[in-house]
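Pasting in a structure now, in structure tokens, and then I'll have a few things to ask.
Order of appearance sets the numbers: ligands from 1, and atoms from 1 within every ligand.
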Amino acid sequence: AMDSTPSENRSDKRKVIAVVGGGLVGALNACYFAKRGFAVELFESREDIRQAKVVRGRSINLALSHRGRQALKHVGMEETIVSKGIPMRARMIHALNGTRSPIPYGKKGQYILSVDRANLNKELLTAAEHYPNAKLNFGHKLLDWSIESGAMTFLRPDGAKEQIKADLIVGCDGAFSAIRKQFLRQSRFNYSQTYIPHGYMELTMPPHNGDFAMEPNYLHIWPRNTFMMIALPNQDKTFTCTLFMPFEDFEKITTEEEVMGFFQTYFPDSIPLIGEVAIKRDYFRLPAQAMVSVKCSPYHMGDKCVMMGDAAHAVVPFYGQGMNAGFEDCLVFDEVMEQFNEDFSVVLPEYTRVRVPDDHAIADLAMYNYVEMRSHVNSKWFLFRKYLDNF
Ligand code: FAD
């Protein structure tokens, strides 16, 4: 049931909200605005991922935590997503000699969920589409927009350009946001972007005898000081392993022998689990991907445009909070809308005021954990081992 509230003492519900970007945050945001009864137009540069054969994204799976769940719950999507997630109740630290030791996340019973990115995105698009007042436009790549007129210029797959106007533009077009380009031309817009020296690469660990190759309800970590590997479980009983390492180290490995030597030295216990053939194949399949941290403020321009998700705050993935923070953006914006009766001229500056400090804190924590995960987890593990050795 679409429980859109009656519009008597509300702002004009015929207002058109353009959500630019149909990734995780854009798709969820479309639900939020549609639930309020606005005329929502979502524009996504890619074709509909629900029809595509191969979906190219940023990571195969990700960790959904409390703040993300709260945001999903508000539009009735929590259970749908949680039911397809795999609980990770603790970290599982893999030592060089193959010993595994769990480190709990928090109090007993607390856990985070490993969810499939493509499925999550598809479910959110479908949920948005269920609102009669929301329309999804795929194959629309935003080229530019005008703050004066609110007009956006889109490039269609056939090369044609299309001009579209909206009352409010919501930029959810990710870390390399085209919406943000207009912000950069404005006076008093603060912006910083940092590429970390590390890249990441994904490898798949297949099931063994029809079951998970390792304990499924953990986030597995192989901390190795300057680099590390992690593994998150998938519904199909595979694990997605992600190797995080400085680009210069990735570049040193150029032959199959060198990859195997590297795994033999640093992740020997993972070789029989991933498989030698797969390691040799996957390592050279795609180059390591870069990771960028973006901080900016304000998040809005006048009463015309606001940015959320990675467009406003791309963070390094070591805190597992990028998507979760983006989801929370939608919830916080919705609360501010409620508080200020959907008056964009008040809502947008207030959103910037309350949201910038929190998102910047998450960016800082993520950068801190970038160091913590590959080194400190290791030293904590040594302390733990020492403790056990005493018995
Ligand atoms: P995106 O997911 O990047 O979506 C942006 C969308 O906009 C895309 O669909 C794109 O096609 C579209 N688009 C781009 N440009 C245009 C344009 N010009 N016109 C129209 N459409 C456009 N977060 C977590 O919370 N937990 C994790 O465990 C986690 N793990 C991660 C692991 C890795 C390796 C990485 C790289 C990130 C991880 N993140 C994680 C972060 C998470 O991926 C992002 O925060 C999240 O994807 C942000 O969603 P978004 O919708 O803002 O941006």
- prompt: Are Phe38 and Met337 side-chain neighbours, meaning at least one heavy-atom pair lies under 4.5 Å?
  reply: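 Side-chain contact under 4.5 Å: yes.
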query: Of all the atoms in ligand 1, which lie at a distance below 4.0 Å from a heavy atom belonging to Lys141?
result: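 Listed by number with element, the hits are 18 (N), 19 (N).
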- request: Examine Thr242 against ligand 1 and note whether any of their N/O atoms are separated by less than 3.5 Å.
  value: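 No, since none of the N or O atoms of Thr242 sits under 3.5 Å from an N or O of ligand 1.
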field: Donor-acceptor side-chain pairing of Asp282 and Thr204 below 3.5 angstrom
entry: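 Side-chain D/A pair, Asp282 to Thr204: absent.
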field: Which atom of Ala231 lies closest to which atom of Trp222, heavy atoms considered
entry: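 In terms of heavy atoms, the two residues are closest at CB-CZ3, 3.7 Å.
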- request: Closest by any non-hydrogen atom to atom 48 (C) of ligand 1: pick that one out of Ile362, Asp310, Val19.
  value: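 Ranked by closest heavy atom to atom 48 (C) of ligand 1, first place is Asp310.
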message: If you define the side chain from C-beta out and look only at heavy atoms, does anything of Met301 sit under 4.5 Å from Gln182?
response: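 They are in side-chain contact.
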task: Return the minimal non-hydrogen interatomic distance between Ala325 and Arg355, and the atom names on each side.
output: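 So the two residues come closest at O-NH2, 3.1 Å.
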Geometric class of the His140/Phe43 ring pair [parallel <30°, tilted 30-60°, perpendicular >60°]: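 Because their plane-to-plane angle lies in the 30° to 60° range, the rings of Phe43 and His140 count as tilted.
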message: Please confirm whether Glu202 approaches ligand 1 to less than 4.0 Å, judged on its heavy atoms.
response: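 Glu202 does not count as a contact of ligand 1 under the 4.0 Å cut-off.
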field: Numbered atoms and elements of ligand 1 in range of His140, under 4.0 angstrom, heavy atoms
entry: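 Result: 19 (N), 20 (C).
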query: Given that the side chain starts at C-beta and the backbone is N, CA, C, O, which of these parts of Ala63 lies under 4.0 Å from ligand 1, counting heavy atoms, or is it both or neither?
result: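 It is both backbone and side chain that touch ligand 1.
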Nitrogen or oxygen of Val25 less than 3.5 angstrom from that of ligand 1: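 Yes; the residue has a nitrogen or oxygen that sits under 3.5 Å from a nitrogen or oxygen of the ligand.
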Close-contact set for ligand 1 against Pro317 heavy atoms, below 4.0 Å: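 Counting atoms of ligand 1 from 1, those under 4.0 Å from Pro317 are 31 (C), 32 (C), 33 (C), 35 (C), 37 (C), 38 (C).
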message: Using a 4.0 Å heavy-atom cut-off, which part of Ser45 comes near ligand 1: side chain, backbone, both, or neither?
response: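 Answer for Ser45: both.
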- request: Please say whether Ser59 places an N or O atom under 3.5 Å from an N or O atom belonging to ligand 1.
  value: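 Between Ser59 and ligand 1 (N or O atoms, distance only) the closest approach is not under 3.5 Å.
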task: State if Gly326 counts as touching ligand 1 under the rule of any non-hydrogen atom under 4.0 Å.
output: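 Contact check Gly326 vs ligand 1: negative.
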- prompt: Counting both backbone and side chain atoms, is some N or O of Glu44 under 3.5 Å from an N or O of ligand 1?
  reply: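 Yes: some nitrogen or oxygen of Glu44 is under 3.5 Å from one in ligand 1.
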query: Going by distance only, is there an N or O of Gly309 that falls short of 3.5 Å from an N or O of ligand 1?
result: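 Gly309 vs ligand 1: no N/O contact under 3.5 Å.
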task: Going by the side-chain contact (heavy atoms from CB on, under 4.5 Å) test, name the single residue among Leu72, Leu331, Val19 that passes it with Leu28.
output: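 Filter result, single survivor: Leu72.
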task: Would you tell me which option among Gly21, Gly139, Gly322, Ala325 has the nearest heavy-atom contact to atom 7 (O) of ligand 1?
output: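 Result: the heavy atom closest to atom 7 (O) of ligand 1 is in Gly21.
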field: Sub-4.5 Å side-chain heavy-atom contact between Phe318 and Phe244
entry: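 Answer yes - side chains close enough.
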query: Are Phe227 and Tyr266 close enough that their ring centers fall under 6.0 Å?
result: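 Ring centres of Tyr266 and Phe227 closer than 6.0 Å.
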message: If you measure every N or O of Leu24 against every N or O of ligand 1, does any of those distances drop under 3.5 Å?
response: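 Checking ligand 1 against Leu24, an N or O pair does fall under 3.5 Å apart.
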field: Atom indices of ligand 1, in the order listed, that fall short of 4.0 Å to a heavy atom of Cys172
entry: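 Near Cys172, the atoms of ligand 1 are 5 (C), 6 (C), 7 (O).
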- prompt: Charged N to carboxylate O below 4.0 Å: is that the case for Glu258 and Lys252?
  reply: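 No.
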query: Is there any N or O on Met323 that sits under 3.5 Å from an N or O of ligand 1?
result: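 Checking ligand 1 against Met323, an N or O pair does fall under 3.5 Å apart.
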task: Flag Val20 as yes when one of its N or O atoms lies below 3.5 Å from any N or O atom of ligand 1, and as no otherwise.
output: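 It does not: no N or O of Val20 is found under 3.5 Å from an N or O of ligand 1.
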query: Which bit of Gln289 gets closer than 4.0 Å to ligand 1, counting heavy atoms only: side chain, backbone, both or neither?
result: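 None of Gln289 does.
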- prompt: If you measure from each non-hydrogen atom of Gln321 to ligand 1, which part falls under 4.0 Å: side chain, backbone, both or neither?
  reply: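 The answer is the backbone.
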message: Is the distance between the ring centroids of His220 and Phe239 under 6.0 Å?
response: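 Close enough - the centres of the two rings lie under 6.0 Å apart.
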field: Residue portion contacting ligand 1 (non-hydrogen atoms closer than 4.0 Å) for Ser65
entry: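 It is neither part, as no heavy atom is under 4.0 Å.
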field: Ion pair Glu215/Arg100, N-O distance below 4.0 Å
entry: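 Yes, this pair counts.
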query: Side-chain contact, heavy-atom cut-off 4.5 Å: Asp334 with Lys35?
result: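 Not touching, per the 4.5 Å side-chain cut-off.
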- prompt: Does a side-chain heavy-atom distance below 4.5 Å link Tyr195 with Phe247?
  reply: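 A side-chain contact under 4.5 Å is absent here.
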task: Ignoring angles and geometry beyond distance, decide whether Phe244 reaches within less than 3.5 Å of ligand 1 through its nitrogen or oxygen atoms.
output: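 No: no nitrogen or oxygen of Phe244 is under 3.5 Å from one in ligand 1.
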query: With atoms numbered from 1 as shown, which atoms in ligand 1 lie under 4.0 angstrom from a non-hydrogen atom of Arg46?
result: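 It comes down to these atoms of ligand 1: 9 (O), 11 (O).
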query: Any side-chain heavy-atom pair from Tyr131 and Val40 closer than 4.5 angstrom?
result: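 Contact flag for Tyr131/Val40 side chains = no.
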- request: With heavy atoms under 4.0 Å as the rule, classify the contact between Tyr200 and ligand 1 as side chain, backbone, both or neither.
  value: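 Only the side chain of Tyr200 comes within reach of ligand 1.
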- prompt: Can you list the ligand 1 atoms lying under 4.0 Å from a non-hydrogen atom of Gly174?
  reply: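 Under 4.0 Å from Gly174, ligand 1 has these atoms: 3 (O), 5 (C), 53 (O).
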- prompt: For ligand 1, which atoms, with element, lie under 4.0 Å from some heavy atom of Ala178?
  reply: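 So the answer, numbered in order with elements, is 18 (N).
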